[in-house]
Amino acid sequence: MNYNKKTIYDVDVNGKKVLLRCDFNVPQDKETGAITSDKRIVAAIPTIKYLLEHGAAVIACSHLGKPKGEWKTKLTLAPVAKRLSELLGQNVIFAADIIGEDAQAKAAALQPGQILLLENLRFDIREEKNGADFAKALADMAEIFVSDAFGTVHRAHASTAGVAAYLPAYSGLLVDKELSIMGKALDDPKRPFVAVLGGAKVSDKINVINNLLEKADTIIIGGGMAYTFKKAQGYEIGTSLLEADRLDYAKDMIAKAEAKGVKFLLPVDNLCAAEFSADAEPVLVEGNIPENLMGMDIGPKTDELFADAVKGAGTIVWNGPMGVFEFDKFAGGTKAMAKALAESGAVTIVGGGDSASAVEKLGFADKITHISTGGGASLEFLEGKELPGVACLLDK
Ligand code: AMP
């Protein structure tokens with residue numbers, strides 16, 4: 001897949017109406033609807049400012065939550081318009097509908113340097129179904145399409161891919177950053193290229209492992225998914241997470257890595273517990289895990305083994321925690337990995353929701369080259385899949 005896409009720097013936006021797909025899917029207080037983190041709105045500011053300062057009239061749009069085609073007052077983007085106004089220091093005109101009369105009239109009247117926000121795209125079922133008439137109506141309001149919502153580029157929705165059939169499509173600064181850093185890591189990584197995978201399930205990451213086996217020099221596996229691999233090697237794993245139907249796959253992957261000369265590292269010791277609980281007493285186990293215990297985190301020898309393996313790497317991609325990091329007693333392995341990445345001197349990329357929040361929670365975020373904003377999207381990126389919201393952008 002070609003990640004080398006035209007950006008807003010490659011087009012003259014002066015005097016043009018720009019349809020800008022943002023990710024304003026912000027977390028909200030269940031009771032009051034108040035925005036509990038405006039990080040995603042803040043992240044969109046550089047692209048919006050660039051467009052406005054270069055004479056564009058910006059028609060911003062986004063989804064919020066999962067209204068599934070129903071008009072749900074709780075999921076209105078009105079609070080986002082308000083916060084965006086505050087952050088930009090200028091009025092954000094808000095449309096009472098998406099492609100209806102109000103939106104059309106406000107879009108038609110929009111002047112260079114002004115910004116309009118449409119109502120929640122997913123209030124209309126045709127957004128997620130990529131309805132051609134809906135996409136065309138969105139596109140008809142503008143002359144240029146800019147995609148800056150990386151979290152949705154793996155979806156072929158009307159506002160993420162459909163509109164590109166009617167408008168020249170460019171990446172915004174957020175999407176461009178994701179493409180240039182992650183795309184380069186996958187296409188032409190600075191070597192050695194080390195992939196670190198964790199999290200709960202092997203089955204979620206099969207395509208990631210398949211793809212990375214073709215590209216990486218070292219694959220490190222931790223987290224719950226490691227135990228299926230340990231079992232496949234003949235170890236006892238007690239009551240640890242096991243996907244019995246993936247044992248043959250795990251064996252194949254270990255054999256394939258060996259045949260390809262890819263280093264494939266698994267935990268050599270584990271912090272175990274008798275029950276899945278934050279208060280459980282950690283028990284350090286090397287080798288076979290007794291039948292009453294489950295692996296909850298990697299142990300100190302593994303921390304060292306994995307840290308050594310990332311030392312001297314050129315590029316490191318990390319997706320998925322090394323243990324049940326939500327429980328303090330079992331967050332050590334994930335913390336050690338975050339520290340190892342931060343100190344590696346490599347190009348470091350953290351993808352996926354859980355590993356990203358772990359890095360942030362543990363205070364290493366500013367030492368990582370790039371933390372991807374899209375959980376599902378970055379996983380599909382690592383799978384080497386064609387992303388509809390990227391494929392539709394103009395090639396450089
Ligand atoms: P994922 O969404 O697949 O990246 O998985 C993230 C989840 O995996 C987190 O909620 C972790 O608590 C969980 N996890 C990591 N290691 C283990 C483990 N050893 N046993 C059970 N769950 C785990």
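Whatever order the structure lists them in is the order used to number ligands and atoms, beginning at 1.
Relative to atom 14 (N) of ligand 1, the option among G333, G323, G320 with the closest non-hydrogen atom is G323.
By the salt bridge (charged side-chain N to carboxylate O under 4.0 Å, His left out) test, K251 pairs with no residue at all, sequence neighbours left out.
Side-chain contact annotation: H63 with E128, donor-acceptor N/O pair under 3.5 Å absent. In the model, S203 has a side-chain atom that pairs as donor or acceptor with a side-chain atom of E243 under 3.5 Å. Between the side chains of R21 and S147, no donor-acceptor pair of N or O atoms lies under 3.5 Å. No hydrogens or angles considered: nothing links the side chains of E291 and T239 as a donor-acceptor pair under 3.5 Å. A donor and an acceptor atom, one from each side chain of D176 and Y9, are nowhere located under 3.5 Å apart. Side-chain contact check for T369 and T348: at least one donor-acceptor pair (N or O, by modelled atom type) lies under 3.5 Å.
Contact annotation for M296 and ligand 1: only backbone heavy atoms (N, CA, C, O) come within less than 4.0 Å of the ligand. With a 4.0 Å cut-off on non-hydrogen atoms, M294 does not touch ligand 1 at all. If you look at V324 next to ligand 1, the close heavy atoms, those under 4.0 Å, come from the backbone and the side chain alike.
For ligand 1, the polar-atom distance check against D297 finds no nitrogen or oxygen pair separated by under 3.5 Å. Distances between N or O atoms of G295 and those of ligand 1 include at least one value under 3.5 Å. The shortest N/O to N/O separation between Y227 and ligand 1 does not fall below 3.5 Å. Of the polar atoms of A200, at least one N or O is found under 3.5 Å from an N or O of ligand 1, judged by distance alone. Ligand 1 has an N or O atom lying under 3.5 Å from an N or O atom of G224, backbone or side chain.
The main-chain N or O of V350 is never found under 3.5 Å from a side-chain atom of S372 such that the two would form a donor-acceptor pair.
Close approach to G223 involves these atoms of ligand 1, each under 4.0 Å from a residue heavy atom: 16 (N), 19 (N). Remark: ligand 1 atoms within the under-4.0 Å shell around heavy atoms of L241 are 20 (N), 21 (C), 22 (N).
Here the CD atom belonging to Q104 is positioned 7.0 Å from the CD1 atom belonging to I99, to the nearest 0.5 angstrom.
Taking atom 2 (O) of ligand 1 as the reference point, the nearest protein heavy-atom neighbour is D354 OD2, 3.5 Å. The nearest protein atom to atom 4 (O) of ligand 1, hydrogens excluded, is given as K205 NZ, 3.2 Å; this is a heavy-atom distance. Annotation: atom 11 (C) of ligand 1 to nearest protein heavy atom, E326 OE1, 3.6 Å.
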